[in-house]
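Start at 1 and go down the list; that is how both ligands and their atoms are numbered.
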Amino acid sequence: MRNVTILGATGSIGQSTLDVIRRHPDRFAVHALTASTRVDEMVSLCRDFRPRFAVMADVTAAARLAEQLPRDLGTEVLAGETGLCEVASAGEVDTVMAAIVGAAGLAPTLAAAKAGKRVLLANKEALVMSGQMFMDAVAESGAELLPIDSEHNAIFQCLPSDQMRNLGGAGVRRILLTASGGPFRTFSREALRDVTPAQACAHPNWSMGRKISVDSASLMNKGLELIEACWLFDTRPEMVEVHIHPESIIHSMVDYVDGSVLAQLGSPDMRTPIANGLAWPERIDAGVKPLDLFALGQFNFERPDLERFPCLRLAAEAFESGGTAPAVLNAANEVAVSAFLNGNLRFIDIPVMIERTLSCMTMEVAEDFDALFAKDREARARAQEQLPLIAV
Ligand code: NDP
């Protein structure tokens, strides 16, 4: 029986994880569920799964949850980052789903990694921000880091399991990282000026949280994934080639030196990579409908257009610059996406805000996590300063 903590249980990935867990009560038990502010959703999840702990990152929300939870559930309520880190590293827990959105997920995900857990990594921002420091923490503790992002999980499935960080030894020539292209794939630069948050969040193939939906539309998601792939598979951006594949059926591919290209295919449903990570190396039913290739008929591929979607270029450049540049890129993107979702920034100005923030900050190698968090805070402040200068 695996004892699981789900960080970000009320979100899209959290819900999909709980759906897989619900199908296998003989294999998985829920130790803790966490959320930020959504108390009603948490009450309902606690009734369903009866976790030992429920954590709200927001202290006021935690107090409300404690009031509303029936006592006979036996669920203890914790609050804040300390509570998140506690349930991510608890001795009884062996698996942690890291599905908090954004930089807020770094501290608890790191706590899980330092405690040597099986870490199911959906929260790519945590790895993008901290890169080498995070991978060092994994190596030191012997944690098992398994990718949940569908692309990285696909690559993981196409690699020999003992050579995930030895691509040269495994005979890998390239990684082919696929991307749907998002809802604006065919939009002209002119048309991109007027797109709304509702349009950006209406992804053609995937149902996801709002932040990753906007990232998907701007191709920043692919930029973050490029960086994520470099850390997870110990490789360089020039070894990773982004292929726009609008059908989102091939989730990524590995090109080997003998000419073989291995691909992982499946319906666009996150329960597949989640089930893969939860049960690895076994396979379990994820509730995902079988692929009907006859109905699909054909697959298409395009090169990404970096003129219309400069975020992918900015991410690759930030990784090349190294040091704290990816953390600054991530922080500026979080501020820009939030401003766009609140109607205070145009979609086409997301990369403008990020580029200006990157260019007004000095990058260095962060000595430790405190220095990294300080850089993250500084980048958010610099990005906020850009807002009145860019906003229409
Ligand atoms: P959602 O927005 O749907 O859910 C986010 C979760 O994080 C919620 O439980 C939310 O709680 C919680 N949360 C938000 N802010 C904080 C905070 N400051 N402190 C603690 N918890 C917080 O996001 P997704 O599920 O879509 O994405 C989660 C992560 O997984 C992201 O990093 C994303 O990039 C990655 N991912 C997602 C995919 C998808 O298909 N959705 C695919 C691949 C990767 P509350 O509900 O209370 O606000």
Side-chain angles (χ1 to χ4, degrees), residues 5-19 32-46 54-62 64-65 78-85 87-88 96-109 111 119-129 146-154 177-180 182 201 203 205-218 220-225 227-229 232 248 251-252 266-274 276-277 288 330 333-334 337-338 341 376 380:
T5 281
I6 301 167
L7 303 170
T10 47
S12 163
I13 292 287
Q15 298 282 318
S16 295
T17 306
L18 287 167
D19 184 273
L33 299 174
T34 87
S36 176
T37 55
R38 290 198 290 167
V39 172
D40 293 349
E41 286 79 356
M42 191 58 132
V43 170
S44 139
L45 292 180
C46 288
V55 188
M56 300 304 291
D58 181 87
V59 177
T60 317
R64 278 177 37 228
L65 180 66
L78 304 178
E81 195 171 274
T82 318
L84 296 174
C85 292
V87 298
V96 175
M97 168 55 78
I100 290 173
V101 61
L106 176 54
T109 305
V119 180
L120 305 180
L121 186 74
N123 177 208
K124 64 195 91 183
E125 297 94 337
L127 183 56
V128 166
M129 280 177 76
L146 300 182
I148 296 303
D149 231 330
S150 59
E151 295 78 359
H152 304 73
N153 184 266
L177 186 70
T178 56
S180 68
C201 290
H203 195 279
N205 307 328
W206 295 95
S207 162
M208 308 183 286
R210 283 163 68 78
K211 192 261 180 184
I212 187 177
S213 295
V214 177
D215 285 349
S216 221
S218 70
M220 178 54 90
N221 185 47
K222 214 44 57 182
L224 299 177
E225 287 181 6
I227 298 175
E228 183 186 11
L232 284 174
S248 297
H251 298 305
S252 276
S267 299
D269 187 325
M270 286 306 293
R271 289 176 299 177
T272 296
I274 289 167
N276 180 262
V288 175
N330 178 67
N333 181 55
E334 287 191 27
V337 170
S338 164
L341 285 171
D376 172 81
R380 282 165 204 272

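No side-chain donor-acceptor contact under 3.5 Å links Thr5 to the backbone of Val96. A distance-only check finds no donor-acceptor pair linking the side chain of Lys222 to the backbone of Ser180 [under 3.5 Å]. Using a distance-only test at 3.5 Å, with no hydrogens or angles considered, a donor-acceptor pair links the side chain of Ser252 to the main chain of Thr178. Checked by atom type and distance alone, the side chain of Asp58 pairs as donor or acceptor with a backbone atom of Ala61 at under 3.5 Å. Distance alone, capped at 3.5 Å, places no donor-acceptor pair between the Arg271 side chain and the Thr17 backbone.
Gly11 CA, 3.1 Å is the protein heavy atom nearest to atom 4 (O) of ligand 1. Here the protein heavy atom with the shortest distance to atom 21 (N) of ligand 1 is Ile100 CG2, 3.6 Å. Here the protein heavy atom with the shortest distance to atom 43 (C) of ligand 1 is Asp149 OD1, 3.0 Å.
For ligand 1, the atoms lying closer than 4.0 Å to a non-hydrogen atom of Ala9 are 9 (O). With ligand atoms numbered from 1 in the order given, ligand 1 contributes 6 (C), 7 (O), 9 (O) to contacts under 4.0 Å with heavy atoms of Gly8. Each of the following atoms of ligand 1 lies closer than 4.0 Å to a heavy atom of Glu125: 31 (C), 32 (O), 34 (O). For ligand 1, the atoms closer than 4.0 angstrom to any heavy atom of Ala35 are 11 (O), 47 (O). Remark: ligand 1 atoms within the under-4.0 Å shell around heavy atoms of Ala99 are 6 (C), 7 (O), 28 (C). Every atom of ligand 1 is numbered from 1 in the order shown, and the set under 4.0 Å from a heavy atom of Ala122 is 30 (O), 32 (O), 35 (C), 36 (N), 44 (C). Residue Met270 approaches ligand 1 through these ligand atoms, each under 4.0 Å from one of its heavy atoms: 40 (O), 42 (C), 43 (C).
Distances between N or O atoms of Ser12 and those of ligand 1 include at least one value under 3.5 Å. An N or O contact shorter than 3.5 Å is missing between Met208 and ligand 1 by distance. Residue Thr10 has at least one N or O atom closer than 3.5 Å to an N or O atom of ligand 1. Checked against a 3.5 angstrom limit, the closest N/O atoms of Thr37 and ligand 1 fall inside it.
With rounding to the nearest 0.5 Å, the separation of CG in Leu120 from CE in Met97 is 4.5 Å. With rounding to the nearest 0.5 Å, the separation of CG in Asn123 from OG1 in Thr109 is 4.5 Å. Within the model, atoms CG of Asp269 and OG of Ser16 stand 6.5 Å from one another, a figure rounded to the nearest 0.5 Å.
For atom 37 (C) of ligand 1, the choice among Asp40, Ile13, Val101, Val39 with the nearest heavy atom turns out to be Ile13. Which of Ser213, Ala103, Ser36, Gly209 comes nearest to atom 11 (O) of ligand 1 through a heavy atom is settled by distance: it is Ser36. Evaluated by nearest non-hydrogen atom to atom 20 (C) of ligand 1, the leading choice among Ala57, Pro268, Ala126 is Ala57. Here atom 17 (C) of ligand 1 lies nearest to Ala104 when heavy atoms of Ala104, Ala61, Pro147 are compared. Taking each of Arg38, Lys124, Lys211 in turn, the one with a heavy atom nearest to atom 34 (O) of ligand 1 proves to be Lys124.
In plain terms, the two heavy atoms of Met208 and Ser213 that are nearest each other are O-OG, 3.6 Å.
Applying the side chain to side chain donor-acceptor pair (under 3.5 Å) rule to His251 yields no partners; only residues at least two apart in sequence or on another chain are considered.
Counting heavy atoms closer than 4.0 Å to ligand 1, residue Ile212 contributes side-chain atoms (C-beta onward) but none from N, CA, C or O.
Classification of Lys211 and Glu125 as a salt-bridged pair holds, one side-chain N sitting under 4.0 Å from a carboxylate O.
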### Task
I would like to know whether Gln15 and Asp19 meet side chain to side chain donor-acceptor pair (under 3.5 Å); could you show each step before the answer?
CA-CA 6 Å; Gln15 298 282 318; Asp19 184 273; over 6 Å; no
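Residues His203 and Asn205 form a side-chain contact, since some pair of their non-hydrogen atoms from C-beta on lies under 4.5 Å apart.
The closest approach between a heavy atom of Gly14 and any atom of ligand 1 is not below 4.0 Å.
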